[in-house]
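Read through the structure below, which is laid out as structure tokens, and then see the notes.
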Protein chains: 2
Amino acid sequence: MQATIKQVAQRAGVSIATVSYVLNGTGVVTDETRQRVLDAVAELNYQPQYAARSMRGRSHTLGVTLPSSPGRLAEPALAEVMSGLADAAALRGYFLLLATVDADQDETELCLSLARSRRVDGLVLLDMLVDDPRAQALAAAGIPHVCAGPPPAGIDSPSVVIDVHAAAIDAVQHLLSLGHRRIGLIQPPSDLAVSEPIVEGYRQALTTAGLPFDPTLVVESGRTEEDGYQAMTELLAAASPPTAVLAGSDELAFGAMHALNDARLIVGRDVSLVGFDDLPLAAHVNPPLTTVRQPRRAQGRQLAALLDDVILKRNVSVRTVTLSARLIVRRSSGPALHAAGKAN
Amino acid sequence: MQATIKQVAQRAGVSIATVSYVLNGTGVVTDETRQRVLDAVAELNYQPQYAARSMRGRSHTLGVTLPSSPGRLAEPALAEVMSGLADAAALRGYFLLLATVDADQDETELCLSLARSRRVDGLVLLDMLVDDPRAQALAAAGIPHVCAGPPPAGIDSPSVVIDVHAAAIDAVQHLLSLGHRRIGLIQPPSDLAVSEPIVEGYRQALTTAGLPFDPTLVVESGRTEEDGYQAMTELLAAASPPTAVLAGSDELAFGAMHALNDARLIVGRDVSLVGFDDLPLAAHVNPPLTTVRQPRRAQGRQLAALLDDVILKRNVSVRTVTLSARLIVRRSSGPALHAAGKAN
DNA sequence: TACTCCTGCTTAATCGTTTCACCGCTTAAT
DNA sequence: ATTAAGCGGTGAAACGATTAAGCAGGAGTA
């Protein structure tokens with residue numbers, strides 16, 4: 001039922017080679033023959049079979065691997081990146097292949113296997129880790145890929161990074177300008193590549209303001225809201241707790257907010273809180289969360305564009321795109337209560 | 001550089017056919033031979049080439065087409081379905097191919113071409129329309145597919161539907177039990193397959209309660225928050241406006257809530273509001289939205305499972321899976337103010 | 001005239017796999 | 001006693017495309 005190149009050739013009265021040449025624009029064909037072929041293609045509603053075609057060439061597919069944790073794709077931050085990725089990939093004629101890594105399989109192996117089996121022309125690496133093994137392996141194997149975040153040291157994989165370092169500085173300076181002097185940090189897991197730049201920005205902003213870096217004000221946490229709750233609880237239990245806290249993600253900030261509520265502290269008055277992401281929810285929690293808006297969708301778009309360049313060996317010079325994040329001030333951050341805090 | 005089946009065969013001292021049989025589990029092979037083959041595979045780090053493989057057999061890929069509207073993937077409801085889909089697909093050894101339809105291309109054509117070019121073994125149809133052309137075309141072409149919603153009349157495509165009809169009845173009965181008698185409906189676009197069952201459930205619940213069906217209380221709307229705002233404004237402008245409103249989606253409900261606020265009406269007291277979806281935001285708006293929780297992630301999982309069955313021609317009898325939705329009562333719905341409403 | 005070069009096409013090799021047909025032999029069923 | 005089915009393999013034919021090589025015939029050139 002499915003038309004093949006052979007049937008087209010027969011109908012047009014030419015060989016299959018000629019049909020292929022017409023369809024690919026390679027080879028020389030008279031206008032008249034070309035037209036006969038095109039007519040036959042149209043009449044038979046012919047569709048080149050992708051599999052057969054990509055045995056020789058590219059597969060026109062970008063790969064994205066997902067950790068096996070169920071529901072990961074539903075997370076807003078990831079969904080935003082994917083969305084941008086899908087849009088830009090489509091624009092350039094690529095499909096997107098989502099591969100969830102099995103529990104028994106290694107993510108690095110999966111990436112390699114997707115590329116080696118020609119299922120994908122290149123890979124997008126999300127959730128970059130410090131010394132990410134995927135980037136190392138792909139770079140070593142010469143497989144086109146891009147990183148959503150800073151590549152491991154020593155590997156110059158193309159990447160699209162959001163400048164969280166500068167954003168962290170902005171966020172801390174915002175809190176400083178409100179009069180806060182004891183500023184806490186709820187740090188994302190330190191194996192995430194995004195973690196260190198945030199800490200570094202935090203530290204640098206404090207130093208610039210002439211404030212000491214107090215390690216007891218920094219708590220390494222996880223990814224979930226519960227982790228944020230825990231971390232905030234820990235910060236509050238300190239001898240002299242912070243009057244403002246920067247959380248490494250909105251998710252963590254929500255948890256922290258919860259912990260503050262439970263401690264009968266009013267967010268934005270007793271303790272200021274700044275998140276990281278600007279999830280849709282951020283504007284709707286109570287009080288609305290001051291947070292760093294990360295341009296995730298744009299990041300996704302750039303990732304696709306950059307990967308396309310890498311695959312086509314175009315623009316070889318542009319290896320890294322940096323996007324800046326913007327602080328969105330809402331009501332979870334407010335002026336420090338200096339005297340008032342003690343009076344109460 | 002890339003190991004082929006031939007090299008594996010040579011190394012294991014068998015024919016390539018045997019290697020293929022070992023790898024696919026088809027055919028009979030002694031344990032000893034199998035082991036030799038597996039050893040060779042491991043040593044050469046052999047990866048079957050997808051393209052060559054799917055020329056004959058399946059491509060082990062499920063296709064999902066997305067409308068070209070940018071950012072569609074970021075919508076929570078869709079992301080939830082995709083998430084379930086990805087999880088269940090991975091469980092069964094499938095990848096997921098996301099294809100965004102170009103502006104110049106027809107979605108139905110894209111579906112057909114993906115299947116005909118053997119890029120996918122089957123397709124998942126989201127956002128079902130009334131008389132959905134995709135389902136009709138795929139059914140006619142005998143291409144494996146499943147519908148996320150009711151298939152067109154006369155087409156018995158396998159489908160996973162959420163019982164919104166029953167859910168709408170529940171929602172209306174909830175409002176009735178609170179004493180509301182004039183209940184409005186903000187209807188999703190009528191070309192969406194999900195629209196009619198909601199209206200039907202709404203109508204049925206009213207009839208059962210002995211109330212008349214008043215067409216002026218039903219407003220057909222769009223998909224966005226603005227559409228919901230519009231629709232609510234329209235309802236409020238009626239001669240005798242409703243005291244309670246059921247919105248066809250949370251998105252619409254958020255817009256409606258906005259309109260009520262702007263009209264200085266207190267949601268949950270002056271006018272009760274019920275949504276449809278239970279997005280993450282629903283619990284966090286003010287007041288928290290009473291809404292019908294749709295099991296989107298489970299729907300995604302079931303879609304993948306069902307499509308796998310269809311592809312493998314397993315369980316041919318089970319063609320439709322129905323999931324039920326549950327009403328989550330929050331504070332946007334409250335008792336009707338009978339006398340109070342007039343006294344005010 | 002004889003040679004090369006182009007033009008427009010065909011023939012055939014190739015890609016890496018799956019799978020059908022078949023091998024000689026043993027064992028079970030009719 | 002005959003047939004049939006299973007065993008553990010092999011060999012070779014697909015699968016549907018791309019593309020290098022070849023091949024007529026006419027044109028250009030020495």
Side-chain angles (χ1 to χ4, degrees), chain A residues 1-41 44-61 113-121, chain B residues 1-41 44-61 93 112-121 311-312:
Chain A
M1 212 71 326
Q2 163 80 304
T4 75
I5 200 174
K6 212 175 292 181
Q7 299 169 28
V8 174
Q10 190 176 1
R11 176 146 199 150
V14 297
S15 74
I16 58 170
T18 305
V19 176
S20 177
Y21 287 136
V22 168
L23 262 42
N24 293 287
T26 65
V28 273
V29 188
T30 45
D31 282 351
E32 193 229 321
T33 308
R34 175 192 317 283
Q35 199 50 57
R36 276 218 316 285
V37 169
L38 292 178
D39 288 349
V41 164
L44 294 174
N45 196 9
Y46 166 73
Q47 205 61 43
Q49 279 213 23
Y50 230 93
R53 168 173 274 190
S54 56
M55 254 178 75
R56 292 237 166 193
R58 304 190 285 137
S59 63
H60 284 278
T61 306
S113 114
L114 283 174
R116 285 203 285 241
S117 71
R118 303 259 185 87
R119 286 222 63 169
V120 301
D121 296 334
Chain B
M1 205 78 324
Q2 166 78 301
T4 74
I5 199 174
K6 213 176 291 184
Q7 299 169 27
V8 173
Q10 190 176 4
R11 177 147 197 150
V14 297
S15 73
I16 57 170
T18 304
V19 176
S20 175
Y21 287 136
V22 168
L23 261 42
N24 293 287
T26 67
V28 272
V29 189
T30 44
D31 281 353
E32 193 228 323
T33 308
R34 173 189 320 282
Q35 198 51 56
R36 275 217 317 283
V37 169
L38 291 178
D39 287 350
V41 164
L44 293 175
N45 198 8
Y46 165 74
Q47 267 327 114
Q49 279 213 22
Y50 140 83
R53 166 173 275 192
S54 53
M55 247 175 81
R56 283 230 146 207
R58 305 188 283 136
S59 61
H60 288 277
T61 306
L112 287 172
S113 114
L114 283 173
R116 285 204 285 241
S117 69
R118 304 259 183 89
R119 289 221 58 169
V120 302
D121 295 335
I311 290 168
L312 299 179

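To find a chain, count down the sequence lines: A is the first, B the second, and so on, and within it residues start at 1. Nothing here was measured: the structure is a model prediction, and the numbers come from that model.
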Out of D:dA17, D:dT18, D:dG8, minimum distance to the side chain of A:Q49 belongs to D:dA17
Per atom distances to the B:R53 side chain, the nearest of C:dT18, C:dG16, D:dA17 is C:dT18
Looking at every strand, decide which applies to [X] at a 4.0 Å heavy-atom threshold: base, sugar-phosphate, or nothing.
{"X": "A:E32", "result": "nothing"}
{"X": "A:V29", "result": "sugar-phosphate"}
{"X": "B:S20", "result": "base"}

Tell me if the CD atom of B:Q7 is crowded by more than 12 foreign heavy atoms within 6.0 Å. yes
Strictly below 4.0 Å: does [X] bring a side-chain N or O up to OP1 or OP2 of [N]?
{"X": "B:T4", "N": "C:dG16", "value": "no"}
{"X": "A:T33", "N": "C:dC9", "value": "yes"}
{"X": "A:T18", "N": "C:dG8", "value": "no"}

Ranking A:R34 and A:I16 by the position along DNA chain C of their nearest nucleotide, the one closer to 5' is A:R34
Tell me the interatomic distance from [X], atom [atom1], to [N], atom [atom2], rounded to whole angstroms.
{"X": "B:Q7", "N": "C:dG16", "atom1": "CD", "atom2": "P", "answer": "9 Å"}
{"X": "B:R36", "N": "D:dG8", "atom1": "CZ", "atom2": "P", "answer": "14 Å"}
{"X": "A:K6", "N": "D:dA13", "atom1": "NZ", "atom2": "C1'", "answer": "12 Å"}
{"X": "B:Q10", "N": "C:dT17", "atom1": "CD", "atom2": "P", "answer": "14 Å"}
{"X": "B:I5", "N": "D:dT10", "atom1": "CD1", "atom2": "P", "answer": "12 Å"}
{"X": "A:N24", "N": "D:dG16", "atom1": "CG", "atom2": "C1'", "answer": "13 Å"}
{"X": "B:Y46", "N": "C:dG16", "atom1": "OH", "atom2": "C1'", "answer": "7 Å"}

Rounded to the nearest 0.5 Å, how far does [atom2] of [Y] lie from [atom1] of [X]?
{"X": "B:Q47", "Y": "A:R119", "atom1": "CD", "atom2": "CZ", "value": "11.5 Å"}
{"X": "A:T18", "Y": "A:L23", "atom1": "OG1", "atom2": "CG", "value": "11.5 Å"}
{"X": "A:L44", "Y": "A:D39", "atom1": "CG", "atom2": "CG", "value": "10.5 Å"}
{"X": "B:I311", "Y": "B:S59", "atom1": "CD1", "atom2": "OG", "value": "8.0 Å"}
{"X": "B:T30", "Y": "B:R36", "atom1": "OG1", "atom2": "CZ", "value": "7.5 Å"}

What's touching nucleotides 20-23 of chain C from the protein side, N or O pairs under 3.5 Å?
unit_1 : atom_1 : unit_2 : atom_2 : d
C:dC20 : N4     : B:Y21  : OH     : 2.6

The Watson-Crick or G-U wobble partner of C:dT30, with both key distances under 3.5 Å, is D:dA1
- Item | A:D31 and A:Q35 side chains, donor-acceptor separation under 3.5 Å | no
